[in-house]
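Read the structure below first, then the notes.
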Amino acid sequence: MAKVQLRKFPYPYKAALTIANDLDNMTLDDFLEVRKFLNTDLETSMGRGLSLEIGETFWCYSLLPYEVTYLKGLSAVRTDYADILLELIKAGYLDCFHAYGDFNRWENPENPVYFNRKLAEQAAEEFSRRGIKFDTFINHGDNYNIQNVAGQLLDNRGDIPDQDAYHNDITMDILGVRFYWAGDLTAAVGQERALNFGDRKYYTFRAEHLVKGIAKDIFGKSDRKREVYGNELLRKLHLRDGRVAMEFPRYCYDYRYIEIPPGRDILKIQLSDDILNRLIMNEGYMVIYTHFGQPKERETAGLFDPNLVERFRSLKNYGDKGDIWITTTSRMLRYAYETKFLNWEYDIKPNGEIHIRINGVGGPLDIKPTYQGLTFYVPEPEKTLVYVFNEKVENLRKNPDDGKGQSSVSIPIPSLEFPIDAIS
Ligand SMILES: [Zn+2]
């Protein structure tokens with residue numbers, strides 16, 4: 001009997017990784033230089049660029065004038081470089097909405113300014129006019145960012161309809177957000193795979209919070225309990241306005257970084273060969289949690305010092321070898337969602353041909369699937385046809401044995417194209 005199976009990752013990859021950087025504290029110069037280094041092959045202050053498909057977060061607003069935002073301050077006036085950001089969004093490289101903006105009160109405790117719904121309406125109007133959508137939202141900052149959604153143990157009001165900070169209807173219905181990072185961090189290397197004895201940090205953390213939770217119940221502080229989830233990449237999220245999204249965790253390396261935002265030094269460890277090899281062995285998905293702009297001080301002209309540059313070059317090798325699929329967070333989450341909820345079937349014709357039929361994507365989200373990268377293990381790629389509903393996939397790729405003794409076919413996943421003209 002022929003074995004036809006949906007492969008976990010696009011051929012030939014064994015694991016998938018994205019870097020979901022929070023753009024806090026980054027200046028425009030650093031922001032653009034990092035894009036050049038990560039996304040192009042141009043010469044930069046950190047050496048020749050790597051042409052990686054790594055994305056970035058985005059803000060509409062900030063209370064700090066030097067941070068990178070689409071609008072000036074809290075106004076409706078576009079920044080001088082808003083067109084550059086627009087090009088990067090359209091090209092898929094600015095893929096994550098880092099909430100509406102930076103409202104960290106510790107920056108100016110004398111004069112706190114809070115997010116409100118008008119700011120969401122103002123931003124949505126601008127993006128609707130320009131046809132811009134985001135499917136991925138990453139909560140930002142301290143407890144005063146009441147725009148946040150569904151984060152544990154924080155004052156999050158973005159999804160509560162009677163609050164001034166309510167925006168989730170605009171965010172999901174108009175901006176198109178489907179995936180939320182609501183604050184969940186994990187030290188397990190690779191998600192969407194079974195946990196094992198190598199996941200000591202995770203088990204210790206879970207046990208610790210189980211015990212703390214019991215104590216909190218006893219002392220009447222049940223609302224201060226932290227829930228430690230399993231190891232899924234995507235988990236159904238019920239928001240307080242009745243809408244349903246999916247939430248995903250980010251990889252923090254160590255649970256102490258729930259309290260201290262990790263920056264470039266921790267990124268070197270997160271991207272160490274040891275961690276990357278474990279990711280491959282675990283065949284997991286991973287969204288790395290980092291802050292390129294942390295710490296503010298540095299000794300090198302480029303934001304990444306030579307050791308970090310070396311880590312990125314090594315990462316690039318893992319991608320080139322076909323071991324790790326390195327892409328943007330939005331793309332990876334979409335792909336993971338499509339494979340998780342793909343409706344498909346196959347039959348074997350009397351002449352031996354295998355016909356695979358994709359009948360859409362189910363699950364709780366309303367999304368328009370792309371089917372890009374979907375890979376099916378089949379015994380004879382030459383005798384396999386794939387249909388999306390009744391339409392035959394014409395440019396199907398036929399792949400040899402991937403090292404597991406199985407050949408496959410896949411729907412191509414085109415590379416993103418970086419808008420070099422926009423930044424030069
Ligand atoms: Zn942030």
Side-chain angles (χ1 to χ4, degrees), residues 18-28 30-31 34-35 38 54-71 73-74 79 85 88-89 93-109 112-115 119-120 123 134-159 165 167 171 175 177 179-186 247-253 255-267 270 287-297 303 328-330 333:
T18 81
I19 298 178
N21 173 57
D22 291 359
L23 77 165
D24 312 29
N25 291 330
M26 283 176 85
T27 62
L28 181 66
D30 281 340
F31 180 93
V34 163
R35 283 303 101 208
L38 293 178
I54 291 174
E56 178 59 283
T57 44
F58 167 89
W59 270 331
C60 300
Y61 308 104
S62 175
L63 302 175
L64 299 177
Y66 69 83
E67 285 184 321
V68 179
T69 58
Y70 186 86
L71 299 168
L74 303 184
T79 49
L85 301 184
L88 292 172
I89 296 168
Y93 289 91
L94 291 193
D95 61 318
C96 296
F97 200 71
H98 195 24
Y100 282 87
D102 186 5
F103 294 86
N104 280 0
R105 192 160 93 162
W106 48 264
E107 301 284 6
N108 189 3
V113 178
Y114 288 92
F115 170 83
L119 294 171
F134 282 92
D135 61 9
T136 309
F137 184 110
I138 291 182
N139 275 352
H140 160 70
D142 62 21
N143 210 20
Y144 300 104
N145 286 274
I146 54 175
Q147 61 185 325
N148 284 340
V149 165
Q152 292 197 61
L153 310 179
L154 287 169
D155 186 2
N156 298 173
R157 307 183 195 175
D159 60 333
H167 61 74
T171 305
L175 265 182
V177 166
F179 305 106
Y180 274 101
W181 182 72
D184 188 28
L185 290 168
T186 181
E247 74 166 312
F248 61 96
R250 288 195 283 177
Y251 172 69
C252 63
Y253 169 67
Y255 289 102
R256 87 187 88 141
Y257 300 112
I258 289 178
E259 309 298 336
I260 321 156
R264 300 187 299 277
D265 288 338
I266 303 306
L267 186 56
Q270 290 167 312
V287 181
I288 290 185
Y289 171 50
T290 190
H291 297 78
F292 291 162
Q294 221 90 286
K296 278 187 186 166
E297 307 74 38
L303 189 57
T328 67
T329 305
S330 159
L333 295 175

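Nothing here was measured: the structure is a model prediction, and the numbers come from that model. Each ligand, and each atom within it, is numbered from 1 in the order the structure gives.
- Within the 2.8 Å limit, H98 places at least one N, O or S atom next to the Zn ion (ligand 1).
- In summary, D24 places an N/O/S atom under 2.8 Å from the Zn ion (ligand 1), meeting the contact criterion.
- Between atom OG1 of residue T57 and atom CZ of residue F134 there is a gap of 9.5 Å, rounded to the nearest 0.5 Å.
- For the Zn ion (ligand 1), the nearest N, O or S atom contributed by H140 is named ND1.
- Looking only at distances, a side-chain donor or acceptor of D102 sits under 3.5 Å from a matching main-chain atom of N104.
- With contacts defined as side-chain heavy-atom distances shorter than 4.5 Å, the pair F292/L303 qualifies.
- With T18 as the fixed residue, the side chain to side chain donor-acceptor pair (under 3.5 Å) test singles out one of T329, T328, D95: T329.
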